[in-house]
Amino acid sequence: MRNFNVFNLGEGEYFEIRVKSTLLDIKKQLEGHKIFKIDVFLHSNNSEEYLNECHIINTYIKEIFKGEIPATTYISNDPAFNDDVLFSCQSNNDNSIKINYKKLLNHHYTTIEHKDGIELISGGIHFNESSQLLSFQRAFDFAEQLLMAEDMNFGNLYRQWNYIPSINEISDFNNSSKSNFEIINELKSIFTDESIYKNGYPSVSDIGINLGGMTIDFMALSNYSQSSTLYIESEYYLPYSEIAKFLNLENDEIWISGSCLNFEPTKDIEKQTLKALDETFKLIDCKNLESSNIETDKNNNFKTGFKLIKAYVKFESHNQEVKNIINSVLPDTNCIIINTEFYNKEKLIELESFTSL
């Protein structure tokens with residue numbers, strides 16, 4: 001079973017010591033588990049500090065995990081409540097599942113082998129070139145190489161994150177001026193062809209980041225037939241937007257992005273948060289699952305399956321209120337709150353989540 005655990009950076013006088021002790025504690029607390037993915041959220045003051053902190057963390061990950069280095073993604077978004085660094089770990093303690101730790105050039109990634117196929121966990125593919133356009137192009141190109149190394153293509157993706165620096169910044173592209181958000185979406189169409197998405201598009205999140213270059217992170221499944229797309233109708237976005245992927249694995253999983261959810265034209269953070277939760281629950285309720293030909297146990301409380309809620313919040317002043325609302329609705333779920341900027345300037349919050357049926 002896929003497990004999620006969240007760790008704050010430990011106390012100490014020096015950053016290096018705090019990182020090393022935290023990673024050792026993670027390994028100890030998850031003893032008996034195979035850690036295959038780590039997301040690292042960093043509060044860095046400038047680019048130099050960010051790159052130095054990434055280097056330190058990466059050095060200790062290699063030292064501590066040795067031949068079992070997880071796929072790792074570094075994200076320069078501020079963790080809530082003044083945490084310097086936040087680690088979100090995915091692991092599995094099922095001995096019947098084989099986890100492989102691999103490397104393409106200098107990029108570490110993992111694959112998971114089970115009876116339903118092979119999963120590819122990419123980790124963050126990151127480039128920081130002289131222009132954002134070049135960074136975007138190199139990231140997509142390497143992502144394609146990584147997929148090809150495992151006999152897959154972009155059509156195998158079921159979950160994707162695009163971490164976009166200065167998401168609303170205007171750059172020159174194709175003889176016109178466009179935001180970085182618009183550029184990455186045009187590049188996606190250049191690198192991918194609609195015909196490869198035999199089982200629908202992946203669940204995608206476009207997240208603004210503070211520092212560093214363009215980063216692509218994704219998960220893919222070799223067996224097309226084991227995944228399907230969930231849809232929901234809503235007055236707040238286009239009907240039948242592809243916002244979630246269901247994986248028909250041993251433990252049925254649903255990955256929900258926040259790309260199309262969570263928007264209500266109000267400046268009230270409580271209303272936007274409750275609407276985001278409401279639409280998330282509508283997406284996975286029995287009626288909606290059955291309309292997508294997914295069998296469910298109507299006696300189960302679907303809320304108990306949530307393992308992770310990640311809330312991207314625009315204003316730091318809203319962090320505690322968002323946390324209180326989510327904890328009151330899903331008290332047993334890991335909740336990560338990250339401060340970021342949105343392409344839609346009226347949006348105050350965006351939720352993404354993972355749940356199993």
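The first residue of the sequence shown is numbered 1, and numbering continues consecutively from there.
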Scan [range] for pairs that pass ring-ring contact (aromatic ring centres under 6.0 Å, His included), counting only residues two or more places apart or in two chains.
range	answer
residues 88-110	H107-F142
residues 337-356	F4-F354, F181-Y343, W255-F354
residues 16-47	none

Taking the side chain from [X] and the backbone from [Y], do they hold a donor-acceptor pair closer than 3.5 Å?
X	Y	value
S203	K245	no
Y74	N58	yes
N339	V313	yes
S205	W161	no
N156	N153	yes

Query raised in the report: After noting the C-alpha distance and the side-chain angles of N324 and Q320, does the key distance pass the side chain to side chain donor-acceptor pair (under 3.5 Å) rule?
Result: CA-CA 6 Å; N324 291 342; Q320 189 61 56; 2.9 Å; yes
Can you find a side-chain donor-acceptor pair between [X] and [Y] that sits under 3.5 Å?
X	Y	value
S257	R159	no
E119	Y158	yes
S76	N210	no

Does a side-chain heavy-atom distance below 4.5 Å link [X] with [Y]?
X	Y	answer
I207	T340	yes
D332	F306	no
I35	E68	no

Provide the closest heavy-atom pair for [X] versus [Y] in the form atom of the first, atom of the second, distance.
X	Y	answer
L86	V6	CD1-CG1, 3.8 Å
Y50	I75	OH-N, 4.4 Å
L146	S122	CD2-CB, 3.8 Å
L308	T333	N-CG2, 3.6 Å
S353	I309	CB-CD1, 3.5 Å

Report summary line: Apart from I17 itself, its cluster of hydrophobic side chains linked below 4.5 Å comprises Y14
Atom pair [atom1] ([X]) and [atom2] ([Y]), whose distance is rounded to the nearest 0.5 Å:
X	Y	atom1	atom2	value
T111	N100	OG1	CG	3.5 Å
D39	I336	CG	CD1	7.5 Å
I256	F246	CD1	CZ	12.0 Å
E290	D285	CD	CG	9.0 Å
R2	Q90	CZ	CD	5.0 Å
I118	I121	CD1	CD1	12.0 Å

Any pair counted as salt bridge (charged side-chain N to carboxylate O under 4.0 Å, His left out), so long as it reaches [range], sequence neighbours left out:
range	value
residues 209-222	K37-D217
residues 85-108	K102-E150
residues 51-66	K20-E63
residues 121-144	E129-R138

Going hydrophobic residue to hydrophobic residue with side-chain gaps under 4.5 angstrom, can you get from [X] over to [Y]?
X	Y	answer
L42	Y312	no
I38	I338	no
I269	L274	yes
F218	F136	yes
M152	M148	no

Query - side chain to side chain contact (heavy atoms under 4.5 Å, CB included) partners of N46, counting only residues at least two apart - result: E48, E49
Query raised in the report: What residues, two or more places apart in sequence or in another chain, satisfy side chain to side chain contact (heavy atoms under 4.5 Å, CB included) together with H55?
Result: T59
**Report entry** Any residue meeting salt bridge (charged side-chain N to carboxylate O under 4.0 Å, His left out) with E182, in chain and number order, not counting sequence neighbours
**Finding:** none
**Report entry** salt bridge (charged side-chain N to carboxylate O under 4.0 Å, His left out) partners of R18, counting only residues at least two apart
**Finding:** D84
